[in-house]
Amino acid sequence: MDFDELENISEVAETGSFSRAAENLFTTQNNLMNAVSKLEREEGIKIFDRTSNPITVTYEGKYYIDAAKKILELNKQLKNDMAEISRIRRGKITIGIAPARAAFMLPKFLPKYSELYPEIKINTVEHNSRQLREDVKKGAVDFAILPLLTGFEDFANIKLCEEELFIIARKNFLPENSHDGNIIKFEALKNFPFILLKNGHGMRKELDILFKHYGYKPKILMETTNNETALGLCSEGMGLAVVPSMTIEPLKNNLQIDIYKISDSGMKWDVSAIFRKNQTLTIQARNCIELIKNYDWTCDLI
């Protein structure tokens with residue numbers, strides 16, 4: 001018994017005719033009848049009653065054909081699965097990510113992704129958040145890893161993880177009355193200098209809202225385009241900064257800094273995979289996003 005033989009009897013049973021089945025199978029009626037008779041002799045049963053018109057299936061033949069159809073369906077599914085696996089394991093993927101976030105996140109998940117899918121070519125595009133939005137719009141990346149902030153309403157997104165923001169200061173820079181343990185008293189910082197991201201950055205917009213909530217404008221010593229720069233300057237005692245945990249984590253042991261929560265519950269945002277609303281993600285991109293989602297992104301800073 002082989003798959004051709006199973007196809008033959010299934011088609012005869014479906015059409016009730018050797019002639020119509022032969023046409024559908026692109027063979028001659030004699031060849032088909034001989035093949036079915038040979039199978040019947042080998043199995044020691046009669047599958048079809050040829051005395052009736054149209055041809056009918058015998059009692060034994062019904063069970064045989066039901067089993068044949070299940071085997072053919074399983075074979076079809078197996079071929080489809082193998083083709084899908086082959087397709088998944090090939091191709092390419094382009095991920096957009098900010099440089100500071102890339103330094104922390106990429107080494108965590110890309111080696112595993114490469115191990116699972118060694119034949120997929122991986123590209124990264126490292127730009128600031130504003131440029132990454134343009135990269136997504138132009139289709140230059142499959143998706144970008146970004147905090148989900150105001151202004152992303154025109155994009156689709158999949159949440160990857162939460163990230164907390166912290167107040168950073170040089171060791172012993174702040175007096176005891178400005179914090180309660182590791183929780184900052186935000187209202188006590190109005191006379192301290194801040195190093196903030198420049199206007200136009202999504203994070204700066206969130207911080208402007210935060211300062212407004214506490215009823216004062218910050219004393220801005222300097223503006224920068226890079227969270228790592230702000231972190232480094234704070235570690236040298238130039239002022240205070242609000243920095244995401246993934247920027248702090250890889251550098252914390254090399255810097256003389258104090259790290260404070262912004263409130264009891266912390267100030268957090270969603271880090272998401274951002275892509276165009278009308279975009280269908282490739283299977284390679286979907287698998288990568290799922291891998292990132294399943295990673296534990298907790299940063300033990302305090």
Side-chain angles (χ1 to χ4, degrees), residues 97-105 107-108 128-130 145-151 160-271 296-302:
I97 190 168
R101 193 175 300 282
F104 177 72
M105 292 189 74
K108 306 290 186 184
N128 62 37
S129 59
R130 187 182 301 175
I145 299 175
L146 288 167
L148 189 62
L149 303 173
T150 305
L160 302 175
C161 61
E162 284 187 344
E163 181 178 32
E164 188 168 355
L165 307 181
F166 293 90
I167 292 284
I168 303 298
R170 182 175 173 82
K171 280 284 185 184
N172 303 316
F173 182 82
L174 289 174
E176 289 292 329
N177 63 3
S178 65
H179 55 92
D180 184 6
N182 291 320
I183 302 173
I184 203 74
K185 296 178 180 177
F186 212 88
E187 64 278 1
L189 304 181
K190 62 177 63 178
N191 294 321
F192 288 90
F194 275 87
I195 301 166
L196 300 179
L197 293 184
K198 291 184 176 180
N199 281 317
H201 283 260
M203 182 174 170
R204 175 61 182 272
K205 293 178 182 178
E206 298 299 312
L207 293 182
D208 287 343
I209 294 171
L210 179 67
F211 286 115
K212 186 176 181 180
H213 172 76
Y214 283 97
Y216 67 91
K217 290 185 178 181
K219 182 179 177 182
I220 301 175
L221 175 67
M222 178 182 169
E223 294 179 321
T224 180
T225 60
N226 191 302
N227 281 314
E228 286 179 307
T229 300
L231 179 60
L233 293 173
C234 285
S235 72
E236 295 299 324
M238 281 191 67
L240 308 177
V242 182
V243 184
S245 61
M246 291 186 192
T247 302
I248 304 167
E249 178 67 28
L251 301 171
K252 64 180 183 180
N253 294 329
N254 299 322
L255 300 174
Q256 295 297 309
I257 55 174
D258 286 324
I259 303 171
Y260 302 98
K261 292 175 69 72
I262 291 176
S263 66
D264 286 335
S265 58
M267 179 179 179
K268 300 175 183 178
W269 57 23
D270 290 343
V271 177
D296 181 5
W297 294 106
T298 305
C299 294
D300 187 16
L301 298 179
I302 295 178

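We number each residue from 1, following the sequence as shown.
Side-chain contact between Tyr214 and Leu189 is absent, with no heavy-atom pair separated by less than 4.5 Å. At a threshold of 4.5 Å between non-hydrogen side-chain atoms, the residues Asn227 and Met203 count as touching. Leu196 has its side chain within reach of Arg204: a pair of non-hydrogen atoms, C-beta onward, lies under 4.5 Å apart. Within the 4.5 Å cutoff, the side chain of Leu233 has no heavy atoms near those of the Thr224 side chain. Residues Ile167 and Ile262 are in side-chain contact: their nearest non-hydrogen atoms beyond the backbone lie under 4.5 Å apart. Side-chain contact between Ile248 and Leu255 is absent, with no heavy atoms from C-beta onward closer than 4.5 Å. Inter-residue side-chain proximity for Val242 and Ile168 is flagged as unmet; no heavy-atom pair is nearer than 4.5 Å.
For the atom pair NZ (Lys261) and CG (Leu301), the distance works out to 9.5 Å, reported to the nearest 0.5 Å. With rounding to the nearest 0.5 Å, the separation of CD in Glu228 from CG in Leu251 is 6.0 Å. Taken to the nearest 0.5 Å, the CD atom of Gln256 stands 14.0 Å off from the SG atom of Cys234. Taken to the nearest 0.5 Å, the CG atom of Asp258 stands 10.0 Å off from the CD1 atom of Ile302. In this structure, the separation between CG on Leu240 and CZ on Phe194 is 4.5 Å, given to the nearest 0.5 Å. Remark: Phe166 CZ to Thr247 OG1 distance equals 11.5 Å, nearest 0.5 Å.
When all heavy atoms are compared, the tightest approach of Glu163 to Ser245 is CG-OG, 3.2 Å. For Asn177 against Lys185, the heavy-atom pair with the smallest separation is O-CD, 3.4 Å. Taking all atoms of both residues into account, the shortest heavy-atom contact from Phe173 to Gly237 is CE1-O, 3.4 Å. Contact detail for Met246 and Trp297: the closest heavy-atom pair is CE-CB, 4.1 Å. The two residues Ile195 and Gly239 come nearest to each other via the heavy atoms CD1-N, 4.3 Å. Of all non-hydrogen atoms in Phe186 and Tyr216, the two that sit nearest each other are O-OH, 2.8 Å.
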_For Asn199 and Glu223: C-alpha separation, side-chain torsions, deciding distance, then whether side-chain contact (heavy atoms from CB on, under 4.5 Å) applies._
CA-CA 8 Å; Asn199 281 317; Glu223 294 179 321; 4.2 Å; yes
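Heavy-atom neighbours of Lys190 NZ from other residues, nucleotides or ligands within 6.0 Å: at or below the threshold of 12.
Side-chain contact annotation: Asp296 with Thr298, donor-acceptor N/O pair under 3.5 Å present.
Counting only residues at least two apart or in different chains, ring pair (Phe, Tyr, Trp, His ring centres under 6.0 Å) contacts with residues 244-268 comprise His179-Tyr260.
For Asp208 and Lys212, the salt-bridge test fails: no basic side-chain N is under 4.0 Å from an acidic carboxylate O.
In terms of modelled atom types and a separation under 3.5 Å, the side chain of Glu162 and the main chain of Lys268 share no donor-acceptor contact.
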